[in-house]
K.L.:
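The structure is given below, and queries will be raised subsequently.
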There are 2 protein chains.
Amino acid sequence: MKPAVTIRDVAQAAGVSIQTVSNVMHGKPSVRADLQSRVLDVIEQLGYYPSQAAQGLRQRASHTLGFLVFDPSPRALADPVHGEVIAGMCDVARTLGYNLLVDTPLIRPEAPAEHFLRLFRTRRVDAAVITLSGRVGGHEEVISELIAAEILFVLLEREIVGDHVYCLLGANYAGAYQATQAMLERGHTRIAFIDSLQMWPAVDQRLHGYIGAMEAHGLADAVRVVSSIDWSAEGGAAAMRLLLEDGALPPPTAVLAGNDLLAIGAMHTIRAAGLRIPEDLAIIGFDDFEFTRYVEPTLSTVRLPSYDMGRQAAQLLIQHLRGEPATERCFVLPTELMLRRSI
Amino acid sequence: MKPAVTIRDVAQAAGVSIQTVSNVMHGKPSVRADLQSRVLDVIEQLGYYPSQAAQGLRQRASHTLGFLVFDPSPRALADPVHGEVIAGMCDVARTLGYNLLVDTPLIRPEAPAEHFLRLFRTRRVDAAVITLSGRVGGHEEVISELIAAEILFVLLEREIVGDHVYCLLGANYAGAYQATQAMLERGHTRIAFIDSLQMWPAVDQRLHGYIGAMEAHGLADAVRVVSSIDWSAEGGAAAMRLLLEDGALPPPTAVLAGNDLLAIGAMHTIRAAGLRIPEDLAIIGFDDFEFTRYVEPTLSTVRLPSYDMGRQAAQLLIQHLRGEPATERCFVLPTELMLRRSI
DNA sequence: TTGTATGCGTTATCAT
DNA sequence: ATGATAACGCATACAA
């Protein structure tokens, strides 16, 4: 790579002092008009771009936002939800003069937050969006260590309080409530919920949203929950089998699944049992995975506002960095019930 | 955020010079053992992490890799293919001491490479992986400007030669060839290819792989290509309709689609026409989108090694930066034929 | 072996 | 209004 053009080169070529170039770059009004245009010309001609490394060193800010996802699975960043968050963050970060650093820190039991802190310390990341998925230990330790380090961050899908901490949640409760209500309105009363043995806070909210809607319609006794062993389609298929083959209870006429993968597995079981969707058994998923639009019948689902989360998270952080912290610390973003043909 | 611990703080607390701390950090052998351990203790205790901003300023290297995707669609980074590349890059970058910056530069006709260069100039990104998707003008200009700027980068899915340029391609030709051959081996002779009016180099290779396989089996005359208006499922459905309702020719017994979205649309048309998959009409897609595993029947497809591409790209760049440039400049990574039930 | 001085590119604080 | 100088945190060449 060619040696970079420095502010000194510009000053020399324009025959002015370094300071004057700096003033021009920052649009200071105290620059003579003729010098101003001369400097501007040289900048254009030489292709001068100020080094953010040097700027950051000076003003103790890297103008970099981090997106840190802890997920034990190897290709976590390829998860579509994370992709949308990244896209959202990237969009607003760029328009506000920030850049986006992504990483997947490890969590070692001896020093849970070490990798997170390293990014803040060595890379001088100004703030970060953090998402902790999976049901592995150490999450709480990481969070408290980060808070203790007085680091500015947004935590996704997990409630938390702290001085430099925001949290952004999808309306998991409301979304599940709304989905359940849509089923109730269609006359269903035997509505089941499929979740997983590996729960995390967001899913717990979904479960309670379902229960809340059932109770609100006087169907507290009809609440029926079955847990898949994991978050796979196979797990959903097995859970659905349990619901259909339960000797004691009649099968449900509608099912809300903890996520779309569970739902798609359940759909296979339903079809394999010779039942029609949605006539015999209606189903709604969660997350709005891409495939929901392409399966047969298309799967209704509750869409999480991941892209908007990314946008709002970045906005919150940058505004805070600029000295305008939001008054609220915790935001719940609305979900969207995507009604397709499975209900 | 708390004020960062500097090398000076460590030196002071340990009662040694700054230089000694630096030597300890870099594992220089010329440090007295007792000082070494004392410094190490203080570093641990104070939680000292060297600032990469300062290091980079000094040694003219940011230890940062960029992933720059130009894509006119708004949420390009959420594309699963890009997600996999990011995941791959991130994995090897971290193990080699680098970090990953992602961005979606704009291409303005007046200054096509401006946003790309800005990242190299202001952020001092050491090298980047670049992918130019969509069929919008300006790609060639961007590439030649980047080459002229003597920037180190890997271009994905596009052939190119240049001094500081690598390119990584999926084996699009071979993949299509192999998929077509799989159909030929099953006795099909009337095999059609669905592509799109918006072509790009990688898809052109797929088309030629199909044609190559047909010719190799003496079926050059049976080559039949129909173009969708875009890369959507709807476009694929319309293209398939054209194939089925063509008065002059009998419908194909097998179809290779330019990507999975086209394939899924075609599948809808096939089913709507009362034909069975794969008995009446076999189909293979391209890209291995997640939904291919969940549609009915599951869709066979040609999987691109996106994750491996990300890994190898990062490795190539970092090795080059370390003064060990690879002898090859262009690499073709093998695709994988995912045989499922649609064939 | 250890400490001192200088420079990386920039901005802020002073004088002019 | 403009120009010189110091400082940001670190590494390197040098001197001790």
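Chain letters run A, B, ... following the sequence lines, proteins first, then strands; residues in each count from 1. Atom set for the values below is all heavy atoms of this structure, side chains included, hydrogens, waters and symmetry mates excluded. Owing to the predicted nature of the structure, the values given are computational and were not obtained by experimental measurement.
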K.L.:
Taking OP1 and OP2 of dT10(C), is either one under 4.0 Å from a side-chain nitrogen or oxygen of Tyr49(A)?
P.N.:
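No, no such contact exists.
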K.L.:
More than 12 heavy atoms of other residues, nucleotides or ligands under 6.0 Å from CD of Gln59(B): yes or no?
P.N.:
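Yes, because the 6.0 Å sphere around CD of Gln59(B) holds more than 12 heavy atoms from other groups.
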K.L.:
Looking at Arg60(A), I'd like to know whether one of its side-chain N or O atoms comes within less than 4.0 Å of OP1 or OP2 on dT11(C).
P.N.:
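No, because none of the side-chain N or O atoms of Arg60(A) sits under 4.0 Å from OP1 or OP2 of dT11(C).
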K.L.:
Using the rule given for side chain to side chain donor-acceptor pair (under 3.5 Å), can you reason through Asn99(B) versus Thr64(B), listing the C-alpha separation, both sets of side-chain angles and the distance that settles it, and then say yes or no?
P.N.:
CA-CA 5 Å; Asn99(B) 276 114; Thr64(B) 301; 5.8 Å; no
K.L.:
When you measure only distances, ignoring hydrogens and angles, does the side chain of Gln59(A) come within 3.5 Å of the base of dA12(C) through a donor and an acceptor?
P.N.:
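Not at all, since no donor on one side and acceptor on the other fall under 3.5 Å apart.
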K.L.:
Please work out if Arg58(B) contacts a base, only the sugar-phosphate, or nothing of the nucleic acid, heavy-atom cut-off 4.0 Å.
P.N.:
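Base contact.
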K.L.:
Taking CD from Gln52(A) and P from dC8(C), how many angstroms apart are they, rounded to a whole number?
P.N.:
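In whole Å, dC8(C) P lies 20 Å from Gln52(A) CD.
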K.L.:
Applying a 4.0 Å non-hydrogen cut-off, can you work out what Gln19(B) is touching in the nucleic acid: base, sugar-phosphate, or nothing?
P.N.:
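It contacts base atoms.
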K.L.:
Which of these nucleotides, dT11(C), dG3(C), dT2(C), is closest to any side-chain atom of Val16(B)?
P.N.:
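Among dT11(C), dG3(C), dT2(C), the one nearest the side chain of Val16(B) is dG3(C).
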K.L.:
Kindly say if Thr6(A) contacts the phosphate of dG9(C), meaning a side-chain N or O under 4.0 Å from OP1 or OP2.
P.N.:
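Result: no.
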K.L.:
Distance check: side-chain N/O of Ser17(A) vs OP1/OP2 of dA4(D), anything under 4.0 Å?
P.N.:
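Checking Ser17(A) against dA4(D): no side-chain N or O falls below 4.0 Å of OP1 or OP2.
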K.L.:
Would you say a side-chain N or O of Thr20(A) is under 4.0 Å from OP1 or OP2 of dG3(D)?
P.N.:
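Checking dG3(D) against Thr20(A), a side-chain N or O does come within under 4.0 Å of OP1 or OP2.
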